[in-house]
Amino acid sequence: MKEYDPSSIEKKWQDHWEANGVFHATNDQTKPKYYALIEFPYPSGQGLHVGHPRPYTAMDIVSRKRRLQGYNVLFPIGWDAFGLPTENYAIQNKVHPKLVTERNVAHFKQQMQSIGFSFDWSREINTTDPDYYKWTQWIFLQMFKHGLAYKKEMAVNWCPSCKVGLANEEVVDGCCERCGTQVERRMRSQWMLAITKYADRLIDDLEDVDYIERVKVQQRNWIGRSEGAEVDFTVNGKTMTIYTTRPDTLFGVTYMVMSPEHPYLAEWKDQILNYDEVLAYQKNAAAKSDFERTELAKDKTGVVLKGITAINPVTEEEIPVYVSDYVLMSYGTGAIMAVPAHDTRDWEFAKKFGLPMHEVVAGGNINEAAFTDIETGTLVNSGFLNGLSVEEAKKKITEWLTEKGIGHKKINFKLRDWIFSRQRYWGEPIPLVQCEKCGWVALPESELPLLLPEVESYEPGPNGESPLAAMTDWVNTTCPCCGGPAKRETDTMPQWAGSSWYFLRYMDPSNHDALASAEALKYWSPVDWYNGGMEHTTLHLLYSRFWHKFLYDIGVVPTKEPYQKRTSHGMILGSNNEKMSKSRGNVVNPDEVVATYGADTLRLYEMFIGDFEKAVPWSENGVKGCRRFLERVWKLQDFLTDEEGISKDLETLIHQTIRKVSQDDETLKFNTAIAAMMSLVNAFYNKKQVTRGELRVLLLLLNPDAPHITEEMWEECGFGGHVYEQKWPEWDEAKTVEDMITLAVQVNGKSRGTIQIPKEAGKDEAMAAFHADPRLEALIAGKQIVKEIFVPGRIMNLVVR
RNA sequence: GCAGCUGUGGCGGAAUUGGUAGACGCGUUAGACUAAGGAUCUAAUGCCCAAUUAGCGGCCUGCGAGUUCGAGUCUCGCCAGCUGCACCA
């Protein structure tokens, strides 16, 4: 027997698979399809680190297993290659970002291929390829034509370091998600996508998909749907509308609060007696960044509007009006009714300013804290609402307000429209022109793709405008509508554009007439299993669901949802338990692991390292353990007998292992599947022999995890053909239980021993076995059995006195 | 602050969902082979007692209570950690 030498056999099989197109998805639509997807990587200059292969290996296992189960599997790969790091590198090194991208892609590809993933490389895509972004632009144009893309002058999150506007989703703790610089507010005219029009469906349709719960929860929170009511208050003779989720507490309103940006403040300039004070407060609030405004949340500030009085529409009581920055202009109507007895923030504000509180929901102690429980409270001091539960009162008051014409039911969302333009070079050009006469006009589809022009400098302009703005030849054009002079849009799309639909392109990657053919879309949709990072839950995952729903609405795609199942992996940390990063010096490069131990060892360890969904530290010794296991598998060839069948004494274990591996690979428990295979190998070693039939089963089960060594051994043992041509083994449930079982015996709930009984034995047989064992019998000698508990196959417990 | 999740050996982690806690791997210890071992093999390995012919001993799943014949698993109350949201009315 030759030695186990991964470096020679791994290359051999990788070449064999690719040369024979073994993993290319076929167009044979008679077979059931399975579409497994990973998040296509951003080809950074650093290359892969050991965290990348974790999700890739997991989905590779699923894909390889599905192929053995007879599916036509699509497991594609591509590059999400537009983006800032490449552009910044290009600026610093004066290289075209295209060249940087090509270089990085080549490196990533070589790294990935050395790990032996069964990607269909014939369908490789790249978001920066004009043949690809033609369709990104095409989808944007459809959105524009359907009124979902609009331009708006608005305050944007501006990163002074990246010189770019950011979407809300890209701001973390008031700082730029990428570089950590604190973001500023700047007014800019931006392209927006009306994702809020899909807010309801993006929540409701989560019911129909199989996503892990934390993903659903996070999406629901982010969309932030709340049901309440808008109510009109009369303030100095003017109608001021507020939004509340607690219309039932209307009788408890003791003051109102307006946001510092509320437009009424300026209108009331002459009526507000302390307008100077209000102006000063507004100025102060504007100077604070969003971050400061929320960080200092604990301490409420505000100014009362002297000369302004509001009327509570139910009690007709006169109440004061305040301006305070705890009310946001960007949510609801920018003004609220304050119910200090039943809202924590209002309570804090009222305490600070000595405002009265009216308890209208009994059940708490409002002197100590606002009572906000909506389950248990009962309405009091509330006229016709008295005695009702919160839920009943909400309904009744909303009806009453509607009848009176001073309010109505209203649903609000935290989700904002998506700021879609970036003032950068390395992104998809927005295919629109602005004409003096016709306004914003779409390019004809025949002019797509609108190519990214060659520029001399990739740096943004001094006022943060896109580098494209300096290209006057390119910018000045004619209006496709009237033929008059027009200017091109110089902003580009954000990185999230290309990734919002890439999974569709894989279905038919070289189609010139459509983003993919209707036939391919129908056959392959939806993605059956999509695994990716939690950090994309409110970004990529939400955005792509939105695009897909739009494409569904215009009849392009056949399903409402793009992904049937979504799972997520945990991060791999450095051996010091910290996030892997260059600066911490704890990065492990998969190339080194492959070179030292082999790709199969890397793959196996990536899966065996721990709970797939949790973060876990890398351990060099753990890697060695996996290599040791593969060596033991390899050396099974020494124990190989001529027997084709499965020996009687291992039959149960074999069937148990098939079941365990088959089931655990479906539920992200790759670690315990591997543990089961290790146990099986240990059993072969204990016997010092393995039959051909037994080894076949092991090689098949292990193949998705460690494809190279299993192919090689299959060939070495002369099992015929290749592993990838075989069928996934099946287990017989009846054979997963031994004929004689070991039953644990307890006395008074304490484990005292075991008895051997037939698997179908009843209580009487178990009792007989108990009495037959003198050591067990001794435990109950002279005592009275009060109760006998017998759970077949599980336990026997005798209660004695 | 609010919500959710999680707490199991020296470490990563198992536990058929209420039924012998610690599978599997790492590490450690002893032995074998050896010129040598950071290779390989064999055995032991939760903790505490006992041990040259010495155990079907006791204690163990963050802490404290409870339900049950039986609790890592269910309930209640603490404590700690992680994640998400963060003045969204």
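Chain naming here is simple, since letters A, B, ... match the order of the sequence lines and numbering starts at 1 in each. Computed from heavy atoms alone, side chains included, the values below leave out hydrogens, waters and symmetry copies.
Residue A:Arg794 places none of its side-chain N or O atoms closer than 4.0 Å to OP1 or OP2 of B:C69. When the side-chain nitrogen and oxygen atoms of A:Lys669 are compared with OP1 and OP2 of B:A15, one or more of them lie within a distance under 4.0 Å. The phosphate of B:U16 (OP1 or OP2) has no side-chain N or O of A:Thr672 nearer than 4.0 angstrom. For B:A89, one of the phosphate oxygens OP1 or OP2 lies less than 4.0 angstrom from a side-chain nitrogen or oxygen of A:Ser226. Regarding contacts with the backbone of B:A89, a side-chain N or O of A:Tyr331 is found under 4.0 angstrom from either OP1 or OP2.
Summarising the local packing, CD of A:Glu391 is surrounded by 12 or fewer heavy atoms from other residues, nucleotides or ligands at distances under 6.0 Å.
For a distance-only test at 3.5 Å, the side chain of A:Lys300 qualifies as a donor-acceptor partner of the base of B:C87.
Contacts of A:Gln218 with the nucleic acid, taken as non-hydrogen atoms under 4.0 Å apart, involve only primed sugar atoms and P, OP1 or OP2. Counting any heavy atom pair closer than 4.0 Å across all strands shown, A:Asn682 reaches sugar-phosphate atoms only and no base atom. Heavy atoms of A:Ile609 sit under 4.0 angstrom from primed sugar atoms or phosphate atoms, though from no base atom. Residue-level contact check: A:Thr344 touches neither bases nor backbone, having no heavy atom under 4.0 Å from any strand.
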Side chain to side chain donor-acceptor pair (under 3.5 Å) between A:Trp731 and A:Glu733, intermediate numbers included
CA-CA 6 Å; A:Trp731 76 93; A:Glu733 195 66 42; 2.9 Å; yes
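Atom pair A:Ile795:CD1 and B:G18:P shows a separation of 14 Å (rounding to whole Å applied). When the P atom of B:U20 is taken as reference, atom CG of A:Asn797 falls 11 Å away, rounded to whole Å. Note: NZ (A:Lys614) to P (B:C11) measures 15 Å, nearest angstrom.
The residue among A:Asn221 and A:Arg246 whose nearest nucleotide of RNA chain B is located toward the 5' end is A:Asn221.
For RNA chain B, runs of at least 3 consecutive pairs of the Watson-Crick or G-U wobble type, with both hydrogen-bonding distances under 3.5 angstrom, map to B:1-7 with B:79-85, B:10-12 with B:24-26, B:27-32 with B:40-45, B:46-48 with B:57-59, B:62-66 with B:74-78.
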Measure all distances between protein nitrogen or oxygen atoms and nitrogen or oxygen atoms of nucleotides 26-29 of chain B, and list the pairs falling under 3.5 Å.
unit_1, atom_1, unit_2, atom_2, d
B:C26, OP1, A:Arg628, NH1, 2.5
B:G27, OP1, A:Asn621, OD1, 3.4

